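What follows is a short report on a single structure.
Since the structure is predicted, the reported quantities are computational estimates derived from the model, not experimental observations.
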Amino acid sequence: MGILPVLFSDGQDARSTRRKKVFVGWASCPSYFWIVGWASCPSYFWTGKMPVPQEEKKFLWDGHPARPNYFYQKSMESRIQAYLRFAASQQRDTEHIGPFLATFSPHSTNPYLNYAIPEDGATPSLADVNALIAAYSDRDRQPRLEYVTKLAPAVEEALISAGFTVEGRLPLMICTPGSEKLLPIPPEIELILPVSDDELLGTVAAQNEAYGEAAPSPEDVDSLRKTLAAGGIAVLARVAATGEPAGAGICTPPQNQTTEIAGIGVRPSFRRRGIAGALTARLLREAFDAGVTVAFLMTLHEQEFRVYTRAGFSAIVSEGCANDEILHISLPPQ
């Protein structure tokens, strides 16, 4: 799933789950809702047919609609972490180093395309961390990790002891079919699924401008085309009368009926019109129509949190009412 600045339609600075140049390497539902279960994913819900440790019984759904199911929630976190491992491995070199899956972009040193994910429950030694640092340093990459914090709680302390610093703690948000909202498309704007070369170029150009990046190269457009061929979804917002790009976003290729909504970006001249919310809502609709049962994203600022909430996303909340989070942590340049 990296985080880069993006300006939403209200013009306030925010951060998005877009992986910089996400197309050359993919990473990025009410929070208290109770799910009965997915027919295709029976392991992700509590049936009441297996023994429950006494200390865990207090976390089971107790009939109150505002209390999460402990077993559902635990599986949701693992499901998202598994997806992050899958997505981060696409179009990248990988190496298992101790309890870490390290991923390396062969074409870019961008830290959002080069990071490691620990195994669930990992307890890395100092030697493991030093080996991870060496692997990235030898490739002229910044040592960096992204992962669901609570699935590997011992990792952060080991990294901090080795000199790593926390970049951010990003709340996880999810949406499932039936929770998405219909948001209005701003006047004079249309949303399309880009197909032609011009439409693909407009999609990347809108995102690059929203993120303060250079004009897209032919390689950027080709990378987006490959992402779509692998099952990803892109939505382009443009002026209906002229075809001028206004903003864009993507769903990364799905795995296990899971996808990440990423790269929601709106050009400065089109902000404060509701385009970011409309893009998010359309991406959700397209993803669910394609068979996705869980769409997730990460958010940092309150403004983007409100945008995604309006589209139907809600934070995953753990026992104790703390939001589940993705930790971004890296070793500063020496």
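Both Met76 and Leu170 are part of a single hydrophobic cluster, where members link through side-chain heavy atoms under 4.5 Å apart. Clustering ILVMFWY residues whenever any of their side-chain heavy atoms sit less than 4.5 angstrom apart, transitively, puts Leu200 in a cluster other than the one holding Leu236. In the hydrophobic clustering of this structure, Val195 does not group with Leu228; members are Ile, Leu, Val, Met, Phe, Trp, Tyr whose side-chain heavy atoms approach within less than 4.5 Å, directly or through other members. In the hydrophobic clustering of ILVMFWY residues, with side-chain heavy atoms under 4.5 Å counting as a link, Tyr147 and Ile326 come out together. A continuous path of hydrophobic side-chain contacts links Leu151 to Ile80 [ILVMFWY only; heavy atoms under 4.5 Å].
Side-chain atoms of Ser78 and Asp120, non-hydrogen and from C-beta on, do get closer than 4.5 Å to each other. Considering only heavy atoms from C-beta on, Ile261 stays 4.5 Å or farther from Met173 through its side chain. The side-chain heavy atoms of Asp197 and Arg225, taken from C-beta on, include a pair separated by under 4.5 Å. Contact of the Leu145 side chain with the Phe100 side chain is registered, since non-hydrogen atoms from C-beta on lie closer than 4.5 Å. Under the 4.5 Å side-chain criterion, counting only non-hydrogen atoms from C-beta, Ile329 is not in contact with Val155. Here the side chains of Leu172 and Met298 are in contact, with some heavy-atom distance below 4.5 Å. Contact check for Val294 versus Tyr83: no side-chain heavy atoms found under the 4.5 Å cut-off. Looking only at side-chain heavy atoms (C-beta outward), Arg139 and Glu95 come within less than 4.5 Å of each other.
In this structure, the separation between CZ on Arg92 and OG1 on Thr103 is 4.0 Å, given to the nearest 0.5 Å. Note that CD of Gln142 and OG1 of Thr109 are 10.0 Å apart. Values are rounded to the nearest 0.5 Å. To the nearest 0.5 Å, the span separating CZ on Arg169 from CD on Glu325 amounts to 5.0 Å. Atoms CG and CD1, from Leu191 and Ile185 in turn, are 4.0 Å apart once rounded to the nearest 0.5 Å. Put simply, CG on Leu284 and CG on Leu182 are 10.5 Å apart, with the number rounded to the nearest 0.5 Å. Between the CD1 atom of Ile192 and the CZ atom of Arg238 there is a distance of 3.5 Å, given to the nearest 0.5 Å.
When atom types are taken as modelled, the side chain of Glu286 and the backbone of Ile233 share no donor-acceptor pair closer than 3.5 angstrom. A donor-acceptor distance shorter than 3.5 angstrom exists from the side chain of Asn114 to the backbone of Ser105, with no hydrogens or angles considered. Here the side chain of Glu156 pairs no donor or acceptor atom with the backbone of Ala154 at under 3.5 angstrom. A donor-acceptor contact shorter than 3.5 Å links the side chain of Asp220 to the backbone of Ser217. Within the 3.5 Å criterion, the main-chain N or O of Glu209 finds no donor-acceptor partner in the side chain of Arg267. Side chain of Ser137 to backbone of Ile133: a donor-acceptor contact under 3.5 angstrom is found. Of the possible donor and acceptor atoms, none in the side chain of Arg141 sits under 3.5 Å from a partner among the backbone N and O of Tyr115.
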- request: Could you give me the CA-CA distance, side-chain angles and deciding distance for Ile316 and Phe296, then say whether side chain to side chain contact (heavy atoms under 4.5 Å, CB included) is met?
  value: CA-CA 10 Å; Ile316 304 178; Phe296 74 94; over 6 Å; no

message: I'd like to know whether Leu283 forms a side chain to side chain contact (heavy atoms under 4.5 Å, CB included) with Ile264, so could you lay out the CA-CA distance, the side-chain angles of the two residues, the decisive distance to 0.1 Å, and finally the verdict.
response: CA-CA 10 Å; Leu283 285 165; Ile264 304 293; 3.5 Å; yes

task: Please report the C-alpha distance between Gln91 and His107 in whole Å, then the side-chain angles of each, then the deciding distance to 0.1 Å, and finally whether the side chain to side chain contact (heavy atoms under 4.5 Å, CB included) criterion is met.
output: CA-CA 10 Å; Gln91 303 186 46; His107 308 297; over 6 Å; no

Worked check of side chain to side chain contact (heavy atoms under 4.5 Å, CB included) between Glu77 and Gln81: CA-CA 6 Å; Glu77 294 152 351; Gln81 184 95 305; over 6 Å; no

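Ser125 and Asp128 are linked by a side-chain donor-acceptor pair at a separation below 3.5 angstrom, with hydrogens and angles left out of the test. Of the N and O atoms on the side chains of Thr258 and Arg79, at least one donor lies less than 3.5 Å from an acceptor on the other residue.
When every heavy atom of Leu224 is checked against every heavy atom of Ala234, the shortest pair comes out as CD1-CB, 4.3 Å. Here the shortest heavy-atom pairing between Cys251 and Ala287 reads SG-CB, 4.0 Å. For Ala116 against Leu132, the heavy-atom pair with the smallest separation is CB-CD1, 3.9 Å. Closest heavy-atom contact between Ala215 and Asn208: C-ND2, 4.0 Å. Considering all non-hydrogen atoms of both residues, Ala206 and Pro245 come closest at CB-CB, 4.1 Å. Closest non-hydrogen pair, Pro99 versus Pro124, comes out as CG-CB, 3.9 Å.
Counting heavy-atom neighbours within 6.0 Å of Leu193 CG, excluding the residue itself, gives a total above 12. Other residues, nucleotides and ligands place more than 12 heavy atoms under 6.0 Å from the CD atom of Glu244. Around the CD atom of Glu157, the shell of radius 6.0 Å holds no more than 12 heavy atoms that belong to other residues, nucleotides or ligands.
By the 30° and 60° cut-offs, the orientation of the rings of Phe104 relative to Tyr136 is tilted.
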